[in-house]
> 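What follows is a single structure, and I will ask about it in a moment.
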Amino acid sequence: MNNVLKLTKHECKDLLRNPSIIILVMLPIFMSKVIITVMDQSGLNFMLLSTWILFAQVMVGIMITGPGLIEERESKTFDALLISPLSRGQIIAAKGLTVLILSLLSQTIVFLLNDGLSWAFWPSLLYMILGGIVFVEMGIIIGLLVNSSKNGSAVSSAVMIIFFLGVTVYEALPKWTYPFFVVWPSIEISQNLNSILKGDGLLLIESLLLPLWIAGLSLWIARIGED
């Protein structure tokens, strides 16, 4: 465990020295403040706070983890870590934990900047963590399966857009499609955050599905590690 934390600390320092990583962490913060302010002034109820928290999750979790892992595999720095006392699983866990920390930082600033430290922050934090884990795991899977940086960036962008846009458009679709979309983790997260911010509490089904996503993605990552 100490070795994992040491690697996580080292990874955090390396990522924070990279300007492109800083941009990915800051972009949801900047966009959320600008667009929510414009929407409020226009009297529109679109692109809610929950949407921007989700945007921080998918942007940081997928776009940092996926291309980052692929780049390390191409440069052989990932292979170099395999000769350390850490196992392959511990190395992946440390890299995932590093990105999760950055994801939570971005999400937290998005929340506090737009809503302040309200009572809703603490239950929302649970879904920030769960959502952060889900999309970091997706990024890890992309990073382990895709073989080139060029393809990795394209796949990561596509996955990010699919999960983000699904939240913004699914309510405009026919109601018979809702059962298909409710299983999407991005919709489960945004619906719970919306419910919390409105003061309506947690949504049971959507909450129970998120740990299943985490467990399923974890098993997939473990299976890839065995190949």
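This chain uses plain numbering: 1 for the first residue, then up along the sequence.
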> Compare all side-chain heavy atoms of Ile142 with those of Thr65 and state whether any distance is below 4.5 angstrom.
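Not in contact.
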
> Where do Met26 and Ile23 land on the side-chain contact (heavy atoms from CB on, under 4.5 Å) test, with the steps shown first?
CA-CA 5 Å; Met26 296 301 296; Ile23 290 171; 5.9 Å; no

> side-chain contact (heavy atoms from CB on, under 4.5 Å) between Leu97 and Leu7: does it pass, once the steps are laid out?
CA-CA 10 Å; Leu97 179 59; Leu7 179 57; over 6 Å; no

> Do the rings of Trp213 and Phe163 sit parallel, tilted or perpendicular, given the 30° and 60° boundaries?
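Judged by the thresholds at 30° and 60°, the geometry between Trp213 and Phe163 is perpendicular.
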
> Heavy-atom distance under 4.5 Å between the side chains of Val60 and Leu105, does that happen here?
no

> Arg73 side chain to Gly68 main-chain N or O, any donor-acceptor pair under 3.5 Å?
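Between the backbone of Gly68 and the side chain of Arg73 there is no qualifying donor-acceptor contact (under 3.5 Å).
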
> Taking the side chain as C-beta and beyond, is there a heavy-atom pair between Lys95 and Ile92 under 4.5 Å?
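The answer is no, as the side chains (C-beta and beyond) never meet within the 4.5 Å cut-off.
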
> Assess the residue pair Ile91 and Phe78 against the criterion (side-chain contact (heavy atoms from CB on, under 4.5 Å)); give the C-alpha distance rounded to whole Å, side-chain angles, the decisive distance to 0.1 Å, and a yes or no.
CA-CA 8 Å; Ile91 294 168; Phe78 187 86; 3.6 Å; yes

> Is there side-chain contact between Phe135 and Ile189, with at least one heavy-atom pair below 4.5 Å?
yes

> Looking at residues at least two apart in the chain, or sitting in another chain, which of them share a ring pair (Phe, Tyr, Trp, His ring centres under 6.0 Å) with Phe30?
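Residues passing ring pair (Phe, Tyr, Trp, His ring centres under 6.0 Å) with Phe30: none at all.
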
> Show me the donor-acceptor pairs within less than 3.5 Å that the side chains of residues 197-207 make with the rest of the protein, sequence neighbours left out.
{"residue": "Ser207", "atom": "OG", "partner": "Tyr127", "partner atom": "OH", "Å": "2.5"}
{"residue": "Ser207", "atom": "OG", "partner": "Asn192", "partner atom": "OD1", "Å": "3.2"}
{"residue": "Ser207", "atom": "OG", "partner": "Leu203", "partner atom": "O", "Å": "2.6"}

> Going from CH2 on Trp220 to CG on Leu144, what distance comes out if it is rounded to the nearest 0.5 angstrom?
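Rounded to the nearest 0.5 Å, the CH2-CG separation comes to 10.5 Å.
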
> Side chain to side chain donor-acceptor pair (under 3.5 Å): which pairs involve residues 98-108, sequence neighbours left out?
Gln57-Gln107, Ser103-Gln107

> Taking the side chain as C-beta and beyond, is there a heavy-atom pair between Ser32 and Leu49 under 4.5 Å?
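A side-chain contact under 4.5 Å is absent here.
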
> Within a strict 4.5 Å, meaning less than it, do heavy atoms of the Cys12 and Ile101 side chains meet?
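Side chain of Cys12 against side chain of Ile101, heavy atoms only: contact under 4.5 Å found.
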
> Rounded to the nearest 0.5 Å, how far apart are CD1 of Ile109 and CD1 of Ile29?
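Between atom CD1 of Ile109 and atom CD1 of Ile29 there are 4.0 Å.
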
> Mind listing the closest non-hydrogen atom pair of Val58 and Met160 along with its distance?
CG2-CG, 3.7 Å

> Taking Lys9 as the fixed residue, which of Lys13, Lys6, Glu11 is the one that meets the side chain to side chain contact (heavy atoms under 4.5 Å, CB included) rule?
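Only match with Lys9 under side chain to side chain contact (heavy atoms under 4.5 Å, CB included): Lys13.
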
> Give a yes or no answer on whether the side chain of Ser218 reaches the backbone of Ile214 with a donor-acceptor pair at less than 3.5 Å.
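Pair found, side chain donor or acceptor close to backbone of Ile214.
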
> Within the side chain of Gln90, is there an N or O that forms a donor-acceptor pair under 3.5 Å with the backbone of Ser87?
yes

> Assign the ring pair Phe55 / Phe164 to parallel, tilted or perpendicular, where the plane angle (0 to 90°) is split at 30° and 60°.
tilted

> Please examine the side chains of Met31 and Val34, heavy atoms only from C-beta on, and report whether any two atoms are closer than 4.5 Å.
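They are not in contact (no side-chain heavy atoms under 4.5 Å apart), so the answer is no.
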
> Counting C-beta onward and ignoring hydrogens, is there a side-chain heavy-atom pair between Phe121 and Asp115 closer than 4.5 Å?
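Side-chain contact under 4.5 Å: no.
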
> Of all heavy-atom pairs between Glu137 and Leu217, which one has the smallest distance, and what is that distance?
OE1-CB, 3.1 Å

> Does the side-chain contact (heavy atoms from CB on, under 4.5 Å) test come out yes or no for Trp122 and Ile196, once each step is laid out?
CA-CA 10 Å; Trp122 302 110; Ile196 291 168; over 6 Å; no

> Return the set of residues passing salt bridge (charged side-chain N to carboxylate O under 4.0 Å, His left out) with Asp14 (not counting sequence neighbours), or none when no residue passes.
Arg17

> How far does CG of Leu193 sit from CD of Glu188, to the nearest 0.5 angstrom?
12.0 Å

> Taking side-chain hydrogen bond (donor to acceptor under 3.5 Å, both in side chains) as the test, write out the residues that go with Ser148, two or more places apart.
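Only Asn151 meet the side-chain hydrogen bond (donor to acceptor under 3.5 Å, both in side chains) criterion with Ser148.
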
> Quick one: list whatever passes side-chain hydrogen bond (donor to acceptor under 3.5 Å, both in side chains) with Glu71, sequence neighbours left out.
none

